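Just below is one structure, and these are the notes that go with it.
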Amino acid sequence: MLKLNSKRRRCETGEIDLDFTVKRIEATLFFEFSYLLIVECKNWQKTVGACELRTFCSKMRDVDANIGIFFATNGITKDAKQIIRNA
């Protein structure tokens, strides 16, 4: 089960669009998730680059989130995909 904690949480690296507390429920998809899930949304005209994905990874570390979801309306660059593969 997900509970929305706050909008626009700030951390050392910047602003987080959404964050949720994940209640672990055995035998469900959520059992493996950490207790904190963060979401970043980019409604940009251009593709999102590696720099933004690195920043998102830093935000995850800043707030001790193990799960992050990154939405990009117009996709991400090849370099950004490599950041995801190496995260």
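For clarity, every value in this text was computed on a predicted model and none was experimentally measured.
By the 4.5 Å heavy-atom criterion applied to side chains, Leu18 and Ile38 are not counted as neighbours. Taking the side chain as every heavy atom from C-beta outward, Phe70 and Val48 approach each other to under 4.5 Å.
Taking the side chain to side chain donor-acceptor pair (under 3.5 Å) definition, one finds that Ser58 meets it with Arg61, sequence neighbours left out. Not counting sequence neighbours, the partners of Cys11 by the side chain to side chain contact (heavy atoms under 4.5 Å, CB included) test are Thr13, Ile16, Lys59, Asp62, Val63.
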I'd like a table of donor-acceptor pairs (distance under 3.5 Å, sequence neighbours excluded) in which one partner is a side-chain atom from residues 49-56, with atom names and distances.
unit_1	atom_1	unit_2	atom_2	d
Glu52	OE1	Gly49	N	3.1
Thr55	OG1	Cys51	O	3.0

Per-pair distances, 0.1 Å, donor-acceptor, side chain in residues 71-78, under 3.5 Å, sequence neighbours excluded:
unit_1	atom_1	unit_2	atom_2	d
Thr73	OG1	Lys42	O	3.3
Thr73	OG1	Asn43	OD1	3.0
Asn74	ND2	Trp44	O	2.4
Asn74	ND2	Gln45	O	3.3
Thr77	OG1	Ala80	N	3.2

Quiz item: Does the pair Leu36 and Asn5 meet the rule for a side-chain contact (heavy atoms from CB on, under 4.5 Å), with working shown?
Solution: CA-CA 9 Å; Leu36 184 62; Asn5 291 323; 3.9 Å; yes
Quiz item: Given the rule in the side-chain contact (heavy atoms from CB on, under 4.5 Å) test, do Asp19 and Val39 qualify, once you have shown the distances and angles that lead to the verdict?
Solution: CA-CA 6 Å; Asp19 69 86; Val39 179; over 6 Å; no
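How far CD of Glu15 is from CG of Asp17: 6.5 Å, rounded to the nearest 0.5 Å.
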